**Q** 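Please read through the structure below; I'll follow up with questions.
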Amino acid sequence: MRALPATAGRGAVACAAAPVPRRSLLLSTAAAGAALNAEQLPLRLTGGAAAKIRAPADAAQAVTFTSTDDALAWTNKDNRRLLHVVYRVGDLDKTIKFYTECLGMKVLRKRDIPEEKYTNAFLGYGPEDSHFAIELAYNYGVDKYDIGAGFGHFGIGVNDVAKTVELVRAKGGKVTREPGPVKGGKTVIAFVEDPDGYKFEILERPGTPEPLCQVMLRVGDLDRAISFYEKACGMELLRKRDNPEYKYTVAMMGYGPEEKNAVLELTYNYGVSEYTKGNAYAQIAIGTDDVYKTAEVVKLFGGQVVREPGPLPGISTKITAILDPDGWKSVPGSRLVLMCSSQIICQSERAKAVSSPIAQVFVDNIDFAKELE
């Protein structure tokens, strides 16, 4: 993969006045999860209604919630937003071509790290400080990944599903479900696949302010997952729909109205309690005002913290990485931290094709904003 010039992409990071190690400055979320898992075993802590949460090692950031109600009250006031979703692809240029020419996305930023043998690119439909984005990670020499059965699809809202499908077909893309009403509903949808086999649900949603509108993951216990994302991650259950005829139930979770924000779609298939995760899909980055408090809330409600909160090595961006009850990874932090953490993948993990469990990453909001300057 050729090295990219410093001006690549309109969202390229500006150089700071004081020199910063290049490796530290160009950290991203996809890599973070694998390296963190390699360094620490998952930690599960729970607490009773009046339990005091264990404070982090940094005494200056000590956190104590006197009750679960106290923790929930803080979580509900925290400024959270889905920042980007991270996953791995085998041919970055081919994938970018498909997303820009067929799905109408724009390349927001692109960074090549030859000394670490990886490249990443951020794509989406608007600025990262206000829109949900995709972070693609390409590891030198790795041209194929296992998507697994747990990942479902991404959702894209468009003005005309039929036209989008025909464009995908004309460009040689794979259409797996022709346009038509969703089963049991009226919304017109279709399904297409990108070059790596990731599925995209194309939804007819004219004029939506957030075209990149869904990430669908399958879970083994829907009620448990809903409770975790409400309490530990501060999301709202936007709607829930049971489809007994087709033996599945879906729940839409998010930080704002579904028609205006990207949401997490959780799907439960009757009788299926576990899924293989594969090594392709990585995690979702979520912005937070305080990664330390976020980590403590996650522990209180039964989540696993796989990366204790704090700044990343070499930079000041703060993050924390967690696993939900189904093993999906997320990285919490101030919003800035989430963005930076996605690309910290150590060479040993890359050699293993990054087969570690998937997490969510929370990133410090202020740090994330600086990352975008």
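Worth saying up front: this structure is predicted, and the values here are computed from it rather than measured.
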**Q** Is the shortest heavy-atom distance from the side chain of L103 to the side chain of I202 under 4.5 Å?
**A**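 Contact flag for L103/I202 side chains = yes.
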**Q** Test your reading of the model: is there a side-chain donor-acceptor pair from N139 to the backbone of V142, 3.5 Å cut-off?
**A**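 Answer holds: no.
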**Q** State whether D194 and K97 are salt-bridged, where the test is any N-O pair (Lys NZ or Arg NE/NH1/NH2 against Asp/Glu carboxylate O) under 4.0 Å.
**A**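 Looking at K97 together with D194, the answer is no, because their closest N to O distance does not fall below 4.0 Å.
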**Q** Return yes if some donor-acceptor pair links the side-chain N/O of R177 with the main-chain N/O of I189 below 3.5 Å, else return no.
**A**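 It does hold such a pair.
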**Q** Within the 4.5 Å heavy-atom criterion, are F301 and T68 side-chain neighbours or not?
**A**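 Touching, per the 4.5 Å side-chain cut-off.
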**Q** Is it true that a side-chain atom of S130 and a backbone atom of G126 form a donor plus acceptor pair closer than 3.5 Å?
**A**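 No, the answer is negative, given that no donor and acceptor are paired below the 3.5 Å cut-off.
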**Q** Let's go through R80 and D289 carefully: what are the C-alpha distance in whole Å and the side-chain angles of both, what is the deciding distance for salt bridge (charged side-chain N to carboxylate O under 4.0 Å, His left out) to 0.1 Å, and is it a yes or a no?
**A** CA-CA 8 Å; R80 297 190 178 183; D289 289 335; over 6 Å; no
**Q** Apply side chain to side chain contact (heavy atoms under 4.5 Å, CB included) to the pair I284 and V86, showing each step before the final yes or no.
**A** CA-CA 6 Å; I284 293 176; V86 186; over 6 Å; no
**Q** Hey, does L72 have a side-chain heavy atom less than 4.5 Å from the side chain of D70?
**A**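 Contact flag for D70/L72 side chains = no.
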**Q** Do E371 and R111 sit within salt-bridge range, that is, some charged N less than 4.0 Å from a carboxylate O?
**A**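 The answer is yes: the pair qualifies as a salt bridge.
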**Q** Of all heavy-atom pairs between A295 and V305, which one has the smallest distance, and what is that distance?
**A**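 For A295 and V305, the tightest heavy-atom pair comes out as O-CG2, 3.8 Å.
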**Q** Do I147 and V175 sit in the same hydrophobic cluster, where Ile, Leu, Val, Met, Phe, Trp and Tyr count as joined when their side-chain heavy atoms come under 4.5 Å apart?
**A**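 Yes, it is one cluster - the side chains of I147 and V175 are joined through contacts under 4.5 Å.
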**Q** Just wondering, more than 12 heavy atoms not from E259 lying within 6.0 Å of its CD?
**A**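 Correct, the count exceeds 12.
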**Q** Among L238, I226, L82, which one satisfies side-chain contact (heavy atoms from CB on, under 4.5 Å) with M253?
**A**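 In the set L238, I226, L82, the residue that makes a side-chain contact (heavy atoms from CB on, under 4.5 Å) with M253 is I226.
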**Q** What's the shortest heavy-atom distance between D221 and R224, and which atoms?
**A**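 Residues D221 and R224, closest heavy atoms: OD1-N, 3.0 Å.
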**Q** Which residues pass the salt bridge (charged side-chain N to carboxylate O under 4.0 Å, His left out) test with E166, not counting sequence neighbours?
**A**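 E166: salt bridge (charged side-chain N to carboxylate O under 4.0 Å, His left out) contacts with R169.
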**Q** Students often mix this up, so state it plainly: with edges at 30° and 60°, are the rings of H84 and F122 parallel, tilted or perpendicular?
**A**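 Perpendicular: the ring planes of H84 and F122 meet at over 60°.
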**Q** Tell me which one of Y118, Y140, Y138 satisfies side-chain contact (heavy atoms from CB on, under 4.5 Å) with D112.
**A**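 It is Y140, the one option of Y118, Y140, Y138 that forms the side-chain contact (heavy atoms from CB on, under 4.5 Å) with D112.
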**Q** Would you find a donor on one side and an acceptor on the other, under 3.5 Å apart, between the side chain of T320 and the backbone of E308?
**A**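 Here the side-chain-to-backbone pair does not exist.
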**Q** Can the ring centroids of H153 and F200 be said to lie less than 6.0 angstrom from one another?
**A**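 For H153 and F200, the ring centres are not under 6.0 Å apart.
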**Q** Taking the six-membered ring for Trp and the single ring otherwise, decide whether the centroids of Y275 and F151 are under 6.0 Å apart.
**A**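 Centroid distance Y275-F151: not below 6.0 Å, so no.
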**Q** Applying the 4.5 Å side-chain criterion to the ILVMFWY set and letting contacts propagate, would V107 and L136 be lumped into a single cluster?
**A**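 Yes, one cluster joins them.
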**Q** Y87 and Y281: aromatic ring centres closer than 6.0 Å?
**A**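 No, they do not, as the ring centres are separated by 6.0 Å or more.
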**Q** Kindly work out whether a path of hydrophobic side-chain contacts (I/L/V/M/F/W/Y, heavy atoms less than 4.5 Å apart) joins Y268 to M216.
**A**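 Y268 does not cluster with M216.
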**Q** Indicate yes or no for a side-chain donor-acceptor contact from S227 to the backbone of D223 under 3.5 Å, with no hydrogens or angles considered.
**A**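 Here the side-chain-to-backbone pair does not exist.
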